Amino acid sequence: MDNVISTVRTSTLPEKATKKRDWIATGFHLLFLACAMVGVLSVGTIGWFVFHEGLPAFQQAGVAQIIFGQEWLPPALFGIGPMIVASLISTFGAVIIGVPIAILTAVFLAELAPNWMANIVRPAVELLAGIPSVVYGFFGLVIIVPMIETIFNIPAGNTILAGIIVLAIMILPTVITISETSLRALPGTYKEAALALGASQIYTVFKVLIPAARSGIYTGISLGIARAIGETMAIIMVMGNAPAMPGSLLEPARSLTANIAMEMSYATGIHSSALYSTGIVLLVFIVLLNSCLLYMNRKRTY
Amino acid sequence: MNKFNINNLDLFYGETHALKNISLNIPNRQVTALIGPSGCGKSTLLRTLNRMNDLVENVKITGDVHFDGNDIYQDSDVTALRMRVGMVFQKANPFPMSIYENVAFGLKAQGNKSKDEIDAIVEESLRGAALWDEVKDRLNSDAFGLSGGQQQRLCIARAISMEPEVILMDEPTSALDPIATHKIEELMDELRKKFTIVIVTHSMNQAKRIADKTAFFWMGELVEHNDTAELFNNPVDQRTQGYVSGEFG
Amino acid sequence: MLNRAQQDKVLLSAIWASATITILFLLWVIWHILSNGLSHVTWEFITTSYTRIGESSGIWSMIISTVYMVGLSLSIAAPIGIMTAIYLTEYSKPGSKVVKVIRFCTESLAGIPSIVYGLFGMTFFVTTLGLGFSILAGSLTLSMLILPVIIRTTEEALMAVPVSYREGGYALGASKIYTIWRLILPSAMPGIITSVILSIGRVIGESAPVFLTAGMVTQIPQSVLDSGRTLTVHLYKLTQELFSQSEWDQAYATATILIVLVLVLNMATKIVAARYNKASH
């Protein structure tokens with residue numbers, strides 16, 4: 001007998017089944033792959049369209065003119081500086097107010113609340129996450145806006161401040177839910193170890209649990225920010241939408257998203273292109289946000 | 001008369017050399033036990049026999065495995081192979097469906113049997129696995145309602161429903177209590193009349209009780225292979241000696 | 001400086017205060033809408049159509065448009081999303097390039113603000129493909145938007161199916177597709193249903209990308225190529241002209257219906273989850 005000839009085979013070799021069964025298996029494989037490609041194709045098409053449509057405005061008006069320009073007077077001037085400022089300030093304000101409240105509420109639900117209470121509040125928070133943004137906008141319009149008029153004695157309450165408050169309420173559920181989940185996912189040993197060292201419950205929460213859960217909390221915050229900066233309808237309904245540079249929190253302003261939503265239906269030519277460049281700026285912010293998140297979560301994971 | 005001939009089999013998981021130049025014959029209608037310390041490759045070898053290793057990434061296999069004279073890695077249809085070589089797993093893995101549906105699953109997957117035929121085979125298989133009397137009145141209830149030992153016998157019934165020639169058992173009693181284990185071992189004594197059985201076990205006593213042949217593995221190598229009594233009473237290799245005397249493992 | 005015990009007290013009060021604020025705002029939003037809206041949600045309001053001049057101000061046509069939108073978006077996105085998840089969990093090699101690309105794109109899709117979908121949908125589906133402002137253009141846009149939700153949730157559900165089921169199926173000589181269809185998908189069904197319910201909520205809740213692609217026509221759409229106004233878009237339009245008491249009432253009633261819908265969907269996911277927990281041990 002010959003020496004045994006070893007043949008190298010990998011597990012992925014196609015099996016020599018009956019031809020028909022092979023074809024069916026391959027067919028399904030390709031079908032699933034094709035479906036998986038739809039997502040890839042979608043991102044590609046959206047990206048290509050947004051940039052293809054948005055670039056003419058940048059070319060014609062100049063990048064600096066658009067990004068730093070103060071005047072939005074289509075079809076002549078396409079400065080979206082004020083809108084960038086409005087989007088950033090309203091988001092920043094919402095984060096400053098909303099995130100601490102949300103994280104502390106998450107701590108409350110995960111660590112302090114008696115079970116029965118957490119079991120009522122948690123579903124309620126989830127419910128809040130599902131409420132359409134127009135409903136929040138409506139609430140802001142009928143409650144927050146008049147309240148600002150009364151408190152600050154101004155003629156129109158449709159201001160950045162109203163936007164900030166509505167956005168702060170809107171990001172609460174997102175940040176609470178994700179932070180609470182990551183707090184609950186921590187092994188019980190962390191808490192036990194800290195408590196066994198004589199640390200108080202509060203000390204343990206702030207010095208051990210929150211730092212340990214931070215990557216989840218960062219994710220929650222970044223999703224909250226994404227929701228705030230991408231929010232459209234609620235902002236349109238409460239922020240006044242004037243395309244001028246706001247001088248204070250008590251003035252109306254137009255966000256990037258509002259700019260697109262309000263003018264897209266009738267814009268043509270370079271005007272439409274300028275709205276696309278507004279979209280590009282919005283996407284750039286989202287990419288920056290996600291890069292930040294990646295960086296923060298990578299740097300400190302252990 | 002051998003059911004399997006394994007020649008110069010090497011198996012790699014990525015860089016790990018999990019099986020080293022294994023040559024082993026598995027006789028027809030006998031019980032062959034594969035023993036050895038954890039991680040010695042006994043389960044890996046078992047899974048090459050019905051190509052379950054195909055499900056693992058980065059597996060490379062050289063050498064050959066003949067089943068009734070056919071190289072299963074060369075010219076066999078894996079589906080057909082698995083119908084002829086059944087498998088029972090370490091932890092009972094009933095599907096989340098009724099007892100009846102569990103046993104009928106493989107038959108329905110084949111798709112060429114009538115309802116009556118399937119009914120008959122389900123009953124026959126459950127009888128074959130010594131489970132029929134316990135479950136005949138609740139065939140349509142959830143398989144998860146059975147005890148651990150019953151679940152494992154259900155899995156055996158599921159395997160024999162395909163009328164296989166070989167049943168591979170991967171530590172089938174490791175998760176069971178002694179009474180349930182005893183029942184399964186009794187059942188295996190029945191099964192050996194009809195099937196070739198290859199069993200991986202970590203219990204030397206189990207191998208002594210049920211196996212005709214025993215093969216001892218050590219760090220991916222087949223150290224020794226002999227009649228069970230011979231291997232336990234007169235081990236040739238020092239490592240075998242150490243293992244069967246309980247020095248390590 | 002505060003000592004440790006005092007710091008603890010301050011922080012503890014901050015936690016209680018935050019939780020109270022959250023709960024109060026929650027209750028306030030829901031209470032305000034429901035208390036002003038529930039009494040105006042009448043059978044007539046739900047079942048009559050809307051005319052601008054005001055002789056009839058029901059929301060039947062908005063309900064129909066919303067239902068069309070939900071149905072069509074899901075029938076486009078659910079099969080594609082579920083099959084993508086099957087590809088990712090059952091067919092692809094983990095860590096391979098293809099998977100990385102697919103996953104990156106899915107995550108990107110999830111990160112794109114909905115208004116950008118509106119922008120894209122309006123140019124691509126409405127204008128370039130010539131679908132006009134229509135339920136179809138709206139659904140195509142929204143199906144891209146919900147695709148990542150369906151993929152991710154289904155993928156999680158599929159990954160939660162024990163490997164032992166797959167092994168058991170394959171060990172019986174069942175083909176891959178049979179094992180997926182008869183064993184893996186049924187086991188993952190609760191998760192898949194949850195993903196569908198979540199997407200329904202998403203479709204109902206979206207507004208900006210909807211009116212940019214499906215328009216705002218208040219008539220009942222006769223075909224998917226007609227424009228239609230969904231409930232959220234309707235609420236938005238109502239809030240732009242709150243002059244008479246009747247318009248206020250309509251707005252509150254519409255908001256009430258939206259909240260009730262969200263409540264029902266939330267309860268549905270809870271029921272599915274509870275069933276699932278009971279079934280698995």
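All figures in this text were calculated on a predicted structure; none of them were measured in a lab.
- The minimum heavy-atom distance between A/Gly230 and C/Pro113, with the atom names listed, is CA-CB, 4.0 Å.
- Contact annotation for A/Ile286: only side-chain heavy atoms (C-beta onward) come within less than 4.5 Å of a heavy atom of chain C.
- With a 4.5 angstrom heavy-atom cutoff, C/Thr128 touches chain A only via side-chain atoms.
- Contact of C/Leu265 with chain A is not made at all, since no heavy-atom distance falls under 4.5 Å.
- When the candidates A/Ala102, A/Ser42, A/Gly279, A/Ala25 are compared by the number of heavy-atom contacts under 4.5 Å with chain C, A/Ser42 comes out ahead.
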Please list, one pair per line, the donor and acceptor atoms closer than 3.5 Å that link side chains of residues 27-35 of chain A to other protein atoms, with sequence neighbours excluded.
none

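- Looking at A/Leu289, neither its backbone nor its side chain comes within 4.5 Å of chain C, counting heavy atoms on both sides.
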Problem set entry | Evaluation steps, side-chain contact (heavy atoms from CB on, under 4.5 Å), between C/Val101 and A/Met37 | CA-CA 9 Å; C/Val101 170; A/Met37 283 302 144; over 6 Å; no

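- Interface check for chain A: of the options C/Trp28, C/Trp248, C/Phe25, the most heavy-atom pairs under 4.5 Å are formed by C/Trp28.
- Distance check, rounded to the nearest 0.5 Å: OG1 of C/Thr239 to CZ of A/Phe139 gives 15.0 Å.
- In this structure, the portion of A/Thr232 lying under 4.5 Å from any heavy atom of chain C is its side chain and not its backbone.
- Taking 4.5 Å as the limit, some side-chain heavy atom of C/Leu235 sits within range of a side-chain heavy atom of A/Val135.
- For chain C, the nearby part of A/Ile176 is the side chain; its heavy atoms alone come within less than 4.5 Å.
- Interface remark: A/Tyr276 contributes backbone and side-chain atoms alike to the contact with chain C (heavy atom separation under 4.5 Å).
- Contact annotation for residues 140-152 of chain C against chain A (heavy-atom separation below 4.5 Å, listed by residue number): C/Met144, C/Leu147.
- For A/Val40, the parts sitting under 4.5 Å from any heavy atom of chain C are the backbone and the side chain alike.
- For A/Leu256, no part lies near chain C; criterion is any non-hydrogen pair under 4.5 Å.
- Residues that satisfy the side-chain hydrogen bond (donor to acceptor under 3.5 Å, both in side chains) test with A/Thr257, not counting sequence neighbours, are A/Ser255.
- For a residue to count as touching a neighbouring chain, one of its non-hydrogen atoms must lie under 4.5 Å from one of that chain's; by this rule C/Val233 does not touch chain A.
- Of the two parts of A/Met237, only the side chain, counted from C-beta on, holds a non-hydrogen atom closer than 4.5 Å to a non-hydrogen atom of chain C.
- Neither the backbone nor the side chain of A/Gln201 comes within contact range of chain C; no heavy atom of the residue lies under 4.5 Å from a heavy atom of that chain.
- Interatomic distance, C/Leu119 CG to A/Ile46 CD1, rounded to the nearest 0.5 Å: 10.0 Å.
- Within the 4.5 angstrom heavy-atom criterion, no atom of A/Ser272 approaches chain C.
- Heavy-atom contacts from other residues, nucleotides or ligands closer than 6.0 Å to CH2 of C/Trp181 number 12 or fewer.
- Residue A/Leu283 touches chain C through its side chain alone, counting heavy-atom pairs closer than 4.5 Å.
- The candidate with the highest count of non-hydrogen atom pairs below 4.5 Å against chain C, out of A/Leu141, A/Ile236, A/Ile103, A/Ile143, is A/Ile143.
- Between A/Met264 and C/Leu212, the shortest heavy-atom contact is CB-CD2, 3.7 Å.
- The candidate with the highest count of non-hydrogen atom pairs below 4.5 Å against chain C, out of A/Val287, A/Val205, A/Val142, is A/Val142.
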Distance-only check: which donor-acceptor pairs under 3.5 Å involve side-chain atoms of residues 166-175 of chain A, not counting sequence neighbours?
none

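- Heavy atoms of C/Asp8 lying under 4.5 Å from chain A belong to its backbone as well as its side chain.
- The parts of C/Ile80 that come within reach of chain A are both its backbone and its side chain, each placing non-hydrogen atoms under 4.5 angstrom from that chain.
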Exercise. For A/Ile131 and C/Leu258, what are the C-alpha separation, side-chain angles and deciding distance, and is it a side-chain contact (heavy atoms from CB on, under 4.5 Å)?
Worked result: CA-CA 8 Å; A/Ile131 291 180; C/Leu258 283 168; over 6 Å; no

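- Contact of C/Leu242 with chain A is made through the side chain alone, with heavy-atom distances under 4.5 Å.
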Exercise. How far apart are the C-alpha atoms of C/Ile33 and A/Phe138, what are their side-chain angles, what is the distance that settles it, and do they pass the side-chain contact (heavy atoms from CB on, under 4.5 Å) test?
Worked result: CA-CA 9 Å; C/Ile33 305 282; A/Phe138 179 53; 3.8 Å; yes

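- Across all their heavy atoms, A/Ala261 and C/Ile115 have their closest contact at CB-CD1, 3.6 Å.
- Scanning both residues, A/Pro132 and C/Val262, for their nearest heavy atoms gives CD-CG2, 3.8 Å.
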Problem set entry | Evaluation steps, side-chain contact (heavy atoms from CB on, under 4.5 Å), between A/Leu127 and C/Leu26 | CA-CA 9 Å; A/Leu127 177 70; C/Leu26 255 160; 5.8 Å; no

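- The structure places NZ of C/Lys270 at 3.5 Å from CD of A/Glu126, a figure rounded to the nearest 0.5 Å.
- The two residues C/Ser207 and A/Met233 come nearest to each other via the heavy atoms OG-CG, 2.9 Å.
- Looking at A/Phe108, both its backbone and its side chain come within 4.5 Å of chain C, counting heavy atoms on both sides.
- For C/Ile86, the part lying near chain A is the side chain, with the backbone staying farther off; criterion is any non-hydrogen pair under 4.5 Å.
- For the options A/Leu112, A/Ile120, A/Ile260, heavy-atom pairs under 4.5 Å to chain C are most numerous at A/Ile260.
- The part of C/Ile177 that comes within reach of chain A is its side chain, from C-beta onward, which places non-hydrogen atoms under 4.5 angstrom from that chain.
- Looking at C/Ile21, the atoms closer than 4.5 Å to chain A (heavy atoms on both sides) all sit in the side chain, from C-beta outward.
- Annotation: maximal heavy-atom pairing with chain A below 4.5 Å, among C/Leu263, C/Thr123, C/Leu27, C/Ile102, occurs at C/Thr123.
- Of the two parts of C/Val116, only the side chain, counted from C-beta on, holds a non-hydrogen atom closer than 4.5 Å to a non-hydrogen atom of chain A.
- Note: A/Ala36 leads A/Ala36, A/Ala106, A/Gly44, A/Pro123 in heavy-atom pairs under 4.5 Å with chain C.
- Of the listed residues A/Ile280, A/Leu282, A/Val134, A/Leu275, the one with more heavy-atom pairs under 4.5 angstrom with chain C than any other is A/Val134.
- Other residues, nucleotides and ligands contribute only 12 or fewer heavy atoms inside 6.0 Å of the CZ atom of C/Arg182.
- The shortest non-hydrogen separation linking C/Leu12 to A/Ile202 is CD1-CD1, 3.4 Å.
- In this structure, no portion of A/Ala226 lies under 4.5 Å from any heavy atom of chain C.
- At a 4.5 Å heavy-atom cutoff, C/Phe104 makes no contact with chain A through either its backbone or its side chain.
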